[in-house]
Each structure stands twice: as structure tokens, then as C-alpha cells.
Amino acid sequence: MTDHPRLALVHDFLYTFGGAERVLKTLHERYPDAPIYLAFANPTLVAKHFPNATIYTSSLQKTWKFLRKVPPLLMLSMPAAVEQHDLRGYDIVLSSAGAYSHAVLTDTDTTHICYCHSPMRYAWDWALPYLRERGVKPGTFLEYIAVSLQGKLRQWDYLSV
């Protein structure tokens, strides 16, 4: 048995380097041996900010560039991506979440501590502005699908807390 608990870090995704990613970097600096689990990651940002980290990504890693261009598909894919992380065997999971990572699945005896930056704003209070910023036009079929998925995402978010 080891003297210290097995620890994993979980973060939603890494495609920009903003405030939430700075928190992740600080956690990584504090716990450099803890692997980092992400739904997907931009390899350039990993190389620049987490060069020595052990990074695990979900199956979305292969399609994240495409999915970023189609917000409804990304929203539909993210809950399953976060839930597929294999966190068995960790004593402590620290998640840094602004969207999805609060819902990681852990063993029943694992302590999960979530640093929640904010609720999933693009599903709640920022839903329509988020779609507009991504070029989804009002009154289109894509908007209909996206708004419907945002509703399902709110349900998932509410139930996963």
C-alpha cells in the first residue's frame, strides 16, 4: 500500500487556454504525478502548457475539430465522453468543471471534489447567445435541433449533480 492516495485530475476539454485551464494547470503543478482526463485536447496547448503531464482523452479526440463546428453534435456527445473516463482505482478525483466534468463516474469509495467554475452557461443562461456566436441562425432547423439538445443537456446537468 502506498503512503499517499491515488489522485486523478479531470477537466472538461482543452481547446483554449483561459481561466479554467489556468486552474487545471495550477492543480497539475500541485499534483504533477496525477493523470489528467479530458474529453478532447488541442495537442498544441498540451505541448505548451502540460508537456510532462499524462493526458487521457475520450473517443471525441478523433473528431473534436469537426464537432466544434457543429454545436448540436458536440453538445450531444460530451456527456457520454465524460462518463467514459475510466477512473476506477483512484482514491481522489479532482474535477475542474465549467460544463461536464462534475459528472464523471467514480468508484463508490472514491472521493470526488469538483471545482465548479460556473454552471454550464451555454445550456442555461447563455444558451441563445452561444448559438449565435457559432453562426446558428434564428428560425433554422439547426437552431431547432440545438435548442432541443440544450434542453436535454439541462436535464442531464441537473440530474448529474
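Taking CG of L45 as the start and OG1 of T16 as the end, the distance is 7.5 Å to the nearest 0.5 Å. Taken from CD1 in I113 to CD1 in I92, the straight-line distance is 6.0 Å, to the nearest 0.5 Å. Once rounded to the nearest 0.5 Å, the distance linking OG1 of T57 with CG of L14 reads 11.0 Å. Atoms CG and CG, on L131 and L149 in that order, are 10.0 Å from each other to the nearest 0.5 Å. In this structure, the separation between OG1 on T44 and NE2 on H49 is 10.0 Å, given to the nearest 0.5 Å. In this structure, CD in E83 is found 11.0 Å from CE in M78, a value given to the nearest 0.5 Å.
In terms of heavy atoms, Y100 sits closest to L153 at OH-CD2, 3.6 Å. When every heavy atom of R6 is checked against every heavy atom of R88, the shortest pair comes out as NH1-O, 4.5 Å. The two residues A103 and V82 come nearest to each other via the heavy atoms C-CG1, 4.3 Å. Here the closest heavy-atom approach between residue L74 and residue F40 is recorded as CD1-CE2, 3.9 Å. Residues A8 and L87 come closest through the heavy atom pair CB-CD2, 4.1 Å.
Enclosure of atom CZ in R30 is not indicated, since only 12 or fewer non-hydrogen atoms of other residues, nucleotides or ligands lie within 6.0 angstrom. Remark: F17 CZ is packed, more than 12 non-hydrogen atoms of other residues, nucleotides or ligands lying under 6.0 Å away.
No donor-acceptor contact under 3.5 angstrom links the side chains of H4 and D91, judged on distance only.
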(request) Kindly determine whether H11 and E21 satisfy side chain to side chain donor-acceptor pair (under 3.5 Å), including the steps that lead there. (result) CA-CA 8 Å; H11 188 69; E21 290 72 31; 3.2 Å; yes
(request) Could you walk me through whether K137 and L142 pass the side-chain contact (heavy atoms from CB on, under 4.5 Å) test, one step at a time? (result) CA-CA 8 Å; K137 294 181 178 33; L142 185 58; over 6 Å; no
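Taking the six-membered ring for Trp and the full ring otherwise, Y122 and W126 have centroids separated by 6.0 Å or more. Ring centers of F50 and H28: under 6.0 Å apart, within the cut-off.
Follow the hydrophobic side-chain contacts under 4.5 Å out from Y56 and you never reach Y31; the two are in separate clusters. In terms of hydrophobic clustering, with Ile, Leu, Val, Met, Phe, Trp and Tyr side chains grouped at heavy-atom distances under 4.5 Å, L27 and I55 are assigned to a common cluster. A single hydrophobic cluster is seen to contain both V136 and M120, as judged by linkage of ILVMFWY side chains at heavy-atom distances under 4.5 Å, directly or through other members. Follow the hydrophobic side-chain contacts under 4.5 Å out from Y37 and you never reach V23; the two are in separate clusters.
The backbone N or O of W156 lies less than 3.5 Å from a partner atom in the side chain of S160, making a donor-acceptor pair. Looking only at distances, a side-chain donor or acceptor of S58 sits under 3.5 Å from a matching main-chain atom of A39. Looking at S96, its side chain never comes within 3.5 Å of a backbone N or O of Y115 through a donor-acceptor pair. At least one donor-acceptor pair closer than 3.5 Å links the side chain of R154 to the backbone N or O of A123. Put simply, the side chain of Q61 gets close to the backbone of A41: a donor and an acceptor are under 3.5 Å apart. For the pair E133 (side chain) and Y130 (backbone), a donor-acceptor distance under 3.5 Å is absent. In this structure, D107 contributes its side chain and G89 its backbone to a donor-acceptor pair below 3.5 Å. Panel note: side chain T110, backbone T106; no donor-acceptor pair is recorded below 3.5 Å. Between the side chain of E143 and the backbone N or O of P138 there is no donor-acceptor pair closer than 3.5 Å. In terms of modelled atom types and a separation under 3.5 Å, the side chain of D12 and the main chain of A97 share no donor-acceptor contact.
Test L94, L38, V10, V93 against S101 for side chain to side chain contact (heavy atoms under 4.5 Å, CB included) and you get one pass: V10.
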